[in-house]
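Just so it is clear, the values below take in all heavy atoms, side chains as well, and ignore hydrogens, waters and symmetry mates. Here is how names work: the chains are called A, B, and so on, in the same order as the sequence lines, proteins then strands, and each is numbered from 1. Predicted model, so just to flag it, every value in this text is computed and none were measured.
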2 protein chains.
Amino acid sequence: MTAGRTGRKRPTISDVAKRAGVTKGAVSRALNNGTGVSSGTRERIRQAAVELGWSPSYAARALNGKPLGTIGLVVRRPPEILDFDAFFASFLSGIESVLSGEEHATVIRFVPDAHTEAATYERLFNDRFVDGFLVTDLRVDDERPAMLRRLGAPAVVVGAPEGSSDFPTITNDSEDAIRGLVRHLVAGGHRRIAHVQGDPGMLHALQRRWHWEKAARDAGVDPGPVEYGSYTIEGGAQATERILALPERPTAIFYGSDLMAIGGYSVLGDAGLSIPGDMAVAGFDDIALASFTSPPLTTVRSKHRALGSAGARLLLDMLKGQEAPASTTLGGELQIRESAG
Amino acid sequence: MTAGRTGRKRPTISDVAKRAGVTKGAVSRALNNGTGVSSGTRERIRQAAVELGWSPSYAARALNGKPLGTIGLVVRRPPEILDFDAFFASFLSGIESVLSGEEHATVIRFVPDAHTEAATYERLFNDRFVDGFLVTDLRVDDERPAMLRRLGAPAVVVGAPEGSSDFPTITNDSEDAIRGLVRHLVAGGHRRIAHVQGDPGMLHALQRRWHWEKAARDAGVDPGPVEYGSYTIEGGAQATERILALPERPTAIFYGSDLMAIGGYSVLGDAGLSIPGDMAVAGFDDIALASFTSPPLTTVRSKHRALGSAGARLLLDMLKGQEAPASTTLGGELQIRESAG
DNA sequence: CTGAAAGCGCTAACAG
DNA sequence: CTGTTAGCGCTTTCAG
């Protein structure tokens with residue numbers, strides 16, 4: 001495949017040096033800084049390198065504290081979410097779309113608990129196995145920003161509210177879209193709008209809840225009951241059951257994810273309630289399925305892929321030494337279909 | 001966080017050695033082989049290591065040809081497929097579910113072309129940046145098995161037919177399910193069954209086509225027309241248009257992916273054709289959406305996650321030096337719903 | 001069983 | 001501008 005592979009082992013920098021009639025040091029300088037070498041020998045060295053099909057060893061470079069061209073993604077969630085959840089696959093897709101053009105690789109690690117999570121960040125970076133991190137799922141009192149700061153690791157936080165950490169942040173701001181949704185509901189005569197949300201320890205879940213509350217108040221109605229559950233069909237179904245059991249039943253439910261809303265559909269159906277006639281329903285994410293449910297689901301589209309690509313792009317820029325904006329915001333988009341009246 | 005972090009830098013093996021009153025060599029032996037050291041000093045060394053919170057440097061180990069605990073996944077497809085395609089996100093989910101329990105990380109790289117693909121495999125492994133590979137999307141005349149063999153890289157091929165390479169293979173065998181589907185169609189009176197498939201350069205696409213052909217012949221009907229397109233909604237829509245333009249129109253279409261089938265739905269609908277009345281439709285994958293389309297889509301369920309987990313498990317076993325079976329087969333499963341009569 | 005020493009492939013500081 | 005020299009942190013001989 002590659003030219004010059006005479007022996008079994010790959011060529012080292014010494015081979016290149018020998019062939020170019022210089023020393024390792026010269027090769028290193030020529031090919032890294034491009035400085036400290038006359039353009040003549042530099043060319044000779046470059047030649048020798050391609051003839052030998054040489055490329056520097058990641059390990060040796062890492063041992064000298066050089067960046068490897070990798071970014072780390074450590075995820076403290078069960079790996080199944082890649083399969084179920086709307087977010088991660090799209091997010092990853094966004095990341096890869098910029099990395100693939102930049103000769104960078106992604107190092108992914110799913111971890112079960114906070115302790116492993118911390119240890120993983122630490123090892124990955126202390127050894128410069130990754131050049132920096134994309135941090136997602138920021139939680140209330142999340143210790144990662146402080147730890148990463150301490151490690152001196154470059155990082156960008158993705159999907160968290162502005163100012164939630166002192167790292168550059170890509171924010172997913174759905175405030176306007178959620179406000180639009182609530183207005184739509186209120187205009188349709190709804191006064192009691194419930195909210196079903198995922199893990200309240202997640203900053204983005206909290207944020208969406210605030211937006212819903214604020215929008216409700218601003219529209220002159222009291223925020224209805226709130227239920228929590230996992231971001232899955234089952235989680236949504238269970239939360240819906242709890243809501244239906246409430247003494248004062250709401251007339252609309254805003255779910256924190258489309259999957260949860262779909263779980264709601266089945267419970268509402270079983271209870272003989274029609275959508276949106278007896279209960280208006282709205283989701284969040286706008287997954288592919290949302291336009292195929294019956295009735296089609298009104299939801300807030302969230303730009304998962306863009307979050308990934310913007311995060312990756314920003315991190316790459318930072319790694320190149322560029323100044324990073326404290327925060328970049330991507331807006332959500334209200335998708336009105338038929339489930340919310 | 002970690003105990004013993006007095007200074008700014010992390011402890012090295014020398015620190016551990018000093019604290020235990022031995023030399024680096026002894027520490028290395030004690031903690032790796034566990035041999036060549038008296039159990040007394042071994043314990044002392046272990047103590048010192050935990051007190052210092054020491055863990056070996058990836059880079060230094062890699063430089064000595066030791067495995068890092070990483071497996072590589074290089075994908076020659078546009079990164080968008082993570083978002084659209086049913087396969088990759090689930091597959092990755094399966095991989096991660098076994099890796100997360102084994103302290104292994106995944107190194108992912110999306111590449112645009114065959115040349116970059118080859119170079120990526122080579123660099124990643126020559127430098128032992130990854131311990132082995134999971135290879136997917138095997139193509140006709142794929143050069144990767146030979147190249148990986150030449151590199152001496154451990155690998156398991158996933159989702160390809162048995163015997164398609166000399167690497168251990170996790171096969172996704174849908175022959176029975178496809179046969180069941182064709183029988184179902186033929187029993188429903190269909191004599192002309194078309195097939196829409198994705199990239200014919202992919203071995204798995206070819207394989208499914210063969211299974212369909214064979215099943216048709218065995219059921220006593222001639223295999224109908226075949227159209228190719230990308231594995232997307234648009235790809236399916238376009239292929240469907242071509243089929244509808246055919247002089248002898250089939251009465252059933254078997255699509256190589258659910259997404260393609262959904263693309264078919266809209267074209268058929270636009271043409272005023274009812275499903276399954278005027279045209280029976282079947283898909284492949286059984287994505288979440290499949291049971292929500294109208295009519296619900298009859299399809300062949302494929303075990304994407306299991307493919308990932310089985311592949312990862314097998315590769316890990318191989319890396320531990322265990323003998324690997326030449327081939328492991330996961331069967332598909334026919335999901336009869338309403339779109340195919 | 002243990003210590004000493006060489007070396008993995010590269011970078012960076014220092015002389016010349 | 002170029003060569004030489006130390007290391008980076010670890011593993012692995014090889015003596016003792």
Side-chain angles (χ1 to χ4, degrees), chain A residues 7-46 48-49 52-69 122-129 131, chain B residues 4-5 7-46 48-49 52-69 122-129 131:
Chain A
R8 278 229 56 73
K9 287 179 62 69
R10 69 190 293 224
T12 76
I13 197 173
S14 299
D15 299 327
V16 177
K18 211 166 297 167
R19 183 176 249 268
V22 294
T23 55
K24 303 189 306 177
V27 176
S28 178
R29 267 168 289 165
L31 268 29
N32 285 325
N33 312 328
T35 173
V37 195
S38 75
S39 63
T41 43
R42 175 162 53 247
E43 198 38 51
R44 196 149 34 90
I45 290 172
R46 213 185 292 282
L52 258 40
W54 176 82
S55 60
S57 151
Y58 288 123
R61 305 194 85 192
L63 201 49
N64 289 289
K66 294 262 120 180
L68 284 187
E122 214 168 314
R123 284 210 64 189
L124 245 30
F125 188 73
N126 268 334
D127 213 32
R128 297 303 187 276
F129 197 75
D131 304 338
Chain B
R5 297 184 100 260
R8 278 228 54 73
K9 288 181 60 66
R10 67 192 293 222
T12 76
I13 198 173
S14 300
D15 299 326
V16 178
K18 212 167 296 169
R19 183 176 250 268
V22 294
T23 55
K24 304 188 304 177
V27 175
S28 178
R29 269 168 287 168
L31 267 29
N32 286 325
N33 314 325
T35 173
V37 195
S38 76
S39 63
T41 43
R42 175 162 53 246
E43 197 38 51
R44 197 150 33 90
I45 290 171
R46 213 185 292 283
L52 259 39
W54 175 82
S55 59
S57 150
Y58 288 121
R61 304 193 86 192
L63 202 49
N64 290 290
K66 294 261 123 180
L68 284 186
E122 214 169 312
R123 285 212 63 188
L124 246 28
F125 187 73
N126 268 335
D127 211 33
R128 296 306 186 274
F129 196 75
D131 304 338

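- Of the candidate nucleotides dC10(C), dG9(C), dC10(D), dC10(D) has the atom lying nearest to any side-chain atom of Arg61(B).
- Ile13(B) contributes atom CD1, which lies 9.0 Å from atom CD1 of Ile45(B) (distance to the nearest 0.5 angstrom).
- Distance check, rounded to the nearest 0.5 Å: CZ of Arg128(A) to CG of Asn64(A) gives 12.0 Å.
- If you run ring pair (Phe, Tyr, Trp, His ring centres under 6.0 Å) between Tyr58(B) and each of Tyr58(A), Phe129(A), Phe125(A), only Phe129(A) comes through.
- Between the CG atom of Asp15(B) and the NZ atom of Lys24(B) there is a distance of 11.0 Å, given to the nearest 0.5 Å.
- Arg123(B) has its side chain within reach of Pro56(A): a pair of non-hydrogen atoms, C-beta onward, lies under 4.5 Å apart.
- Residues Ser57(B) and Arg10(B) have side chains that never bring a donor and an acceptor to within less than 3.5 angstrom of each other.
- No engagement by Gly40(A) is indicated, since no non-hydrogen atom pair under 4.0 Å with the nucleic acid exists.
- In this structure, the CG atom of Asn64(B) is 10 Å from the P atom of dC8(C), given to the nearest Å.
- If you measure from atom CZ of Phe129(B) to atom P of dG9(C), you get 17 Å, rounded to the nearest angstrom.
- Following rounding to the nearest Å, Ile45(B) (CD1) and dT2(C) (C1') show an atom-to-atom distance of 10 Å.
- Following rounding to the nearest Å, Leu63(B) (CG) and dT12(D) (C1') show an atom-to-atom distance of 13 Å.
- Among dC10(D), dT2(C), dG9(C), the nucleotide with an atom closest to any side-chain atom of Ala60(A) is dG9(C).
- Residues Arg61(B) and Asn32(B) are in side-chain contact: their nearest non-hydrogen atoms beyond the backbone lie under 4.5 Å apart.
- Of the side-chain N and O atoms in Thr41(A), one or more sit less than 4.0 angstrom from OP1 or OP2 of dT2(D).
- Summarising the geometry, the separation between CG on Leu52(B) and P on dG9(D) is reported as 14 Å, rounded to the nearest angstrom.
- Map Arg29(B) and Ala59(A) each onto its nearest nucleotide of DNA chain C; the residue landing nearer the 5' end is Arg29(B).
- If you check residues 12-19 of chain A against DNA chain D, you find no residue with a heavy atom closer than 4.0 Å.
- The distance between atom CG of Leu31(B) and atom C1' of dT12(D), rounded to the nearest whole Å, is 16 Å.
- When the C1' atom of dC8(C) is taken as reference, atom NZ of Lys24(A) falls 10 Å away, rounded to whole Å.
- Distance CG (Leu68(A)) to C1' (dC10(C)): 12 Å, rounded to an integer number of Å.
- Across all non-hydrogen atoms, the minimal contact from Ala59(A) to Asp127(B) is N-OD2, 2.8 Å.
- Applying the 4.0 Å criterion to OP1 and OP2 of dC8(C), one finds that Lys66(B) has every side-chain N and O outside that range.
- Each of Gly21(A) and Asp127(A) has a nearest nucleotide on DNA chain D; the 5'-most of these lies closest to Gly21(A).
- Looking at heavy-atom distances under 4.0 Å, Val22(A) makes contact with sugar-phosphate atoms alone, never a base.
- Along DNA chain C, the nucleotide nearest to Thr23(B) and the one nearest to Gly25(A) differ in position, and the one closer to the 5' end is contacted by Thr23(B).
- The side chain of Ser57(B) places no N or O atom within less than 4.0 Å of a non-bridging phosphate oxygen (OP1 or OP2) of dG9(D).
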